[in-house]
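One is the number of the first residue; the rest follow in order along the sequence. Every heavy atom of this structure was used, including side-chain atoms; hydrogens, water molecules and symmetry mates were not.
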Amino acid sequence: MGGETRYEIHQNAYIKLILHALKHRTSAVNAVLLGRSTTAGVVEIVESVPLFHSQIGLLPPLEIALIMIEEYYGEKGLTIVGYFHANERYDDVELASVAKNTGDHISRYFPQAALLLLDNKKLEALPKGKHSSPVVQLYTKEASWKLVGSDGSNQLALKEPSANIVLLDYISSEKWKDIVDFDDHLDDISK
């Protein structure tokens with residue numbers, strides 16, 4: 001289903017995902033992707049909401065978060081279009097079962113759902129290389145979740161070409177300290 005679909009992620013949504021992973025470097029983290037599908041066959045990822053950095057597989061907090069997110073962003077014309085996951089270990093490049101299960105749930109309501117997995121090697125190489133491609137891997141679901149782009153195709157693009165330059169600036173100024181996820185919100189409702 002997702003094989004022909006292209007995905008475009010907006011700068012703020014993208015940067016928030018990466019900063020959330022950097023804030024909790026030794027934990028698995030996740031987030032929900034929000035956006036819309038265009039008539040041109042592009043899934044626009046407009047916003048992201050960082051979810052958890054501890055016990056990301058617990059169903060009750062995830063269900064509560066998804067309900068709140070759907071209500072809030074539904075009023076703004078956005079829907080849940082995917083899921084982001086960053087593994088706990090730097091060298092772990094496998095899509096975790098919690099990511100697949102959450103992605104399965106999302107794809108029931110949005111068949112072109114995207115799963116994004118942080119690629120730590122791309123993130124580490126970012127200051128040394130070109131700044132045009134995202135530091136995440138794209139997975140889409142056909143019969144099962146498959147990595148897209150391993151054949152050289154680029155179905156995931158940054159909406160703003162300067163997003164990685166801005167990301168590097170935010171990393172150097174330690175902006176990840178400002179990121180608040182749903183775990184933080186549950187600990188302190190004022191966040």
Kindly give the heavy-atom pair with the smallest separation between [X] and [Y], and that separation in Å.
X: Leu138; Y: Ala114; value: CD1-CB, 3.7 Å
X: Leu167; Y: Ile15; value: N-CD1, 4.0 Å
X: Leu117; Y: Val93; value: CD2-O, 3.5 Å
X: Ala31; Y: Leu17; value: CB-CD2, 3.4 Å

Original post:
Any side-chain heavy-atom pair from Asn30 and Asp181 closer than 4.5 angstrom?
Top reply: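 A side-chain contact under 4.5 Å is absent here.
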
Item to check | Side chain to side chain, Val29 and Lys23, heavy atoms closer than 4.5 Å | outcome: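 The answer is no, as the side chains (C-beta and beyond) never meet within the 4.5 Å cut-off.
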
Does atom [atom1] of [X] have more than 12 heavy-atom neighbours from other groups under 6.0 Å away?
X: Tyr90; atom1: OH; value: yes
X: Lys175; atom1: NZ; value: no
X: Tyr170; atom1: OH; value: no

Is it true that [X] and [Y] have a side-chain N and a carboxylate O under 4.0 angstrom from each other?
X: Lys16; Y: Glu47; answer: yes
X: Asp91; Y: Arg89; answer: yes
X: Lys177; Y: Glu174; answer: yes

Parallel, tilted or perpendicular: which describes the rings of His105 and Tyr109, with under 30° parallel and over 60° perpendicular?
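It falls in the perpendicular class, over 60°.
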
- Message: Using 30° and 60° as the class boundaries, would you call the ring planes of His20 and His53 parallel, tilted or perpendicular?
- Response: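 Perpendicular: the ring planes of His20 and His53 meet at over 60°.
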
